[in-house]
**Student:** 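Pasting in a structure now, in structure tokens, and then I'll have a few things to ask.
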Amino acid sequence: MKPRAYSYVRMSTDVQLKGDSLRRQTEESKRYCEENGLELVEDFKLQDIGVSAYHGKNVAQGSLGRFLALAEDGSIPKGSFLIVESLDRISRETPQIATTLFLQILQSGINIVTLTDRHVYKSGSADFADIIVSVVIMARAYEESRTKGLRVGAAWENKRRNIHEKKLTQVAPAWLRLSEDRRAYDVIPARVAVLRNIFNDADNGKGSFQIARKLNFDSVPTFAPSQGWHESYISKLLTNRAVLGEFQPHRYIEGKRTPTGEPVVDYFPAVISQDQFERIQAGRASRKNRGSGRKGRNNINLFSCVATCGYCRGKMMIVDKGSGPKGGVYLRCDNARRGNECEAGLWPLKHLEMAFLSFVKEMDLRSLIIESSERDERLSLEGQRASVSNELAKKRKIRDGAFELMSDDAVDMTYVRQRLADLAIDIRKLEDSLADLSAQGNLRLVRQADTNLDERILVEAIAAGPKDNLDSRTVVADWIRRNVERLQVYPDGLDGPPGAVEKMRETMDPDFIAILDKSIAFAKKGHALVDGSNRRFEVSFGGHKFRAVEVDRTDPTKLIVASYADESRWGMERGS
């Protein structure tokens, strides 16, 4: 039988694959085997593409390490040949490490062939000259890699030091172009206009899919050769901090483009405000955590992924019963729909929407939909809150990491304590800032409550359905996803589904029932109770902020009673 031969190909990046290097090395290996009576094993993939030999990852994690392990345990027959273009393909580490690896391969019974000079390093008879030659070749490879890395690194560091005098590269975001003197980037007005429309749509609650579809429907030219706008590209634009003027330097490490160093601010001209960018990120995060709901023109559910059954905590689903006499669109507990230990009734969807829009005062419906000046103020506050909240989350995460370091004996405790003290100051300032922004929002709600604007027409329009007011419903749905932590729905009121109270009484102690009945009778005399069959919903906004609303079963705009609370106030209001 012919001795087996294995062709090993290593390339530091996939750039070389775009040329002819892989085909050339493969054909050279085949030719060598044919000329020297060897059987080339082609079903054993011995390639390390994008894996560095300078840091030894081709041995620690790559195919070469796997090959060596198989050779040492006898899975690869002794006397086999490892064919490489040159010894620097095996290793570019320090001469000591590279030589050890070279000898380890030979000691495992594998011969090494270098195609550049057709030299064979024999496994059983590696003489002193071969060892010296291998040391010289691999030492030179190490120095070349090291020198190249230092030169490239120094060149880029020099460019970074002068980054505001002369731009690093001609490559720029799709809405910018490099000026002729290479000292600035100029905006492309038509593309910036498209970009701002994309961000405005996202700010109004539209998702990447909706935005891309609208751009394609309007035949808006794409920024690059492409078959129309894609959801993934819109998402990349909406999360690209280059719109704020930031530039994140990168380096290719192990063949991968990796961020290096801190972002450079004011590198590009900013085309989107910080408040709007942070507000959009907060909205996207909320939709990601809860789900964005069903896409499509006829499927904008204001309460998607938010509403739960107040009786069993099950999901509330939309049920469409058609257009007949008993038809209509309802919100219903999914457990009740499936007969899964819940008997909750249905709530007409339009009625719930009208009740929510009419009595949840935390949602400034007027400025959200109508008045642009107040809407701008509200959006600015939301953006600032989102920005501060993001920064607060980052600081708390760093603080948690610092606490973990305290269990490490190798860490300087003095440094950790000082770092924690500094973080505590930063976190306190951010918490105060967030509280101040929340207080400003509450003041706006008080100002809104003092107005006499009749919003009934607006509520009717929004609750009429997506076909009639798509954009307004999108804005409201996005506000709910961003701000509402939980919406508990009681279609049958606090008394629960028919017969629920009686079933509960059956399991109660008779003495307790007697006391309960006396208490209820006393409360009714003092008019302290309302009819428990009225429809009810409870909205939680996070923390101690909530609102509970009861409305008439037949008229969702008729308030029975509402109670509310937040960090600084609480109260109750009754309908007339």
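Because only heavy atoms are used, hydrogens play no part in the values below, and waters and symmetry mates are left out as well, while side chains stay in. Keep in mind it's a predicted model, so treat the numbers as computed, not measured.
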**Student:** Please list, chain by chain and in numerical order, all residues satisfying side-chain contact (heavy atoms from CB on, under 4.5 Å) with Asn216, sequence neighbours excluded.
**Tutor:** Trp229

**Student:** Would a 4.5 Å heavy-atom cut-off, applied to side chains only, mark Lys214 and Lys206 as touching?
**Tutor:**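 Lys214 vs Lys206: side chains touch.
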
**Student:** Which residues pass the ring-ring contact (aromatic ring centres under 6.0 Å, His included) test with Phe303, not counting sequence neighbours?
**Tutor:**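 Partners of Phe303 under the ring-ring contact (aromatic ring centres under 6.0 Å, His included) test: Phe356.
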
**Student:** So does Tyr185 get a backbone contact from the side chain of Ser179, meaning a donor-acceptor N/O pair under 3.5 Å?
**Tutor:**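 Such a contact is absent between Ser179 side chain and Tyr185 backbone.
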
**Student:** Is the side chain of Gln276 donor-acceptor paired with the backbone N or O of Ser273 at a distance under 3.5 Å, no angle test?
**Tutor:**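 Pair absent, no side-chain N/O of Gln276 close to backbone of Ser273.
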
**Student:** Check this for me: does any side-chain nitrogen of one of Arg547 and Glu538 sit under 4.0 Å from a carboxylate oxygen of the other?
**Tutor:**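 Here Arg547 does not pair with Glu538 in a salt bridge, since their nearest N and O are not under 4.0 Å apart.
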
**Student:** Can I get a per-line list of side-chain donor-acceptor pairs under 3.5 Å for residues 421-433, giving both atom names and the distance, sequence neighbours left out?
**Tutor:**
from   : atom 1 : to     : atom 2 : distance (Å)
Asp422 : OD1    : Gln418 : NE2    : 3.0
Glu431 : OE2    : Arg396 : NH2    : 2.8

**Student:** Between the side chains of Thr557 and Ser358, does any donor sit under 3.5 Å from an acceptor?
**Tutor:** no

**Student:** Is the closest side-chain heavy-atom distance between Gln274 and Arg241 below 4.5 Å?
**Tutor:**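 The answer is yes, as the side chains (C-beta and beyond) meet within the 4.5 Å cut-off.
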
**Student:** Are any of the side-chain nitrogens in Arg473 or Glu353 under 4.0 Å away from the carboxylate oxygens of its partner?
**Tutor:**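 Looking at Glu353 together with Arg473, the answer is yes, because their closest N to O distance falls below 4.0 Å.
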
**Student:** For the backbone of Leu238 and the side chain of Gln281, can you confirm whether one donor and one acceptor N or O come within less than 3.5 Å of each other?
**Tutor:**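 The answer is yes, because a donor-acceptor pair under 3.5 Å joins these two groups.
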
**Student:** Taking the side chain as every heavy atom from C-beta outward, state whether Phe223 and Ile188 have any pair of such atoms under 4.5 Å apart.
**Tutor:**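 In short, these two side chains do not touch, never coming nearer than 4.5 Å.
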
**Student:** Taking only residues two or more places apart in sequence, or in another chain, which ones meet Tyr311 in a ring-ring contact (aromatic ring centres under 6.0 Å, His included)?
**Tutor:** Tyr490

**Student:** Check whether Arg196 reaches the backbone of Val271 with its side chain - one donor and one acceptor, N or O, closer than 3.5 Å.
**Tutor:** yes

**Student:** Residues in ring-ring contact (aromatic ring centres under 6.0 Å, His included) with Phe541, at least two apart?
**Tutor:** none

**Student:** Tell me, please, which residues at least two apart from Glu391 pass salt bridge (Lys or Arg N to Asp or Glu O under 4.0 Å).
**Tutor:** none

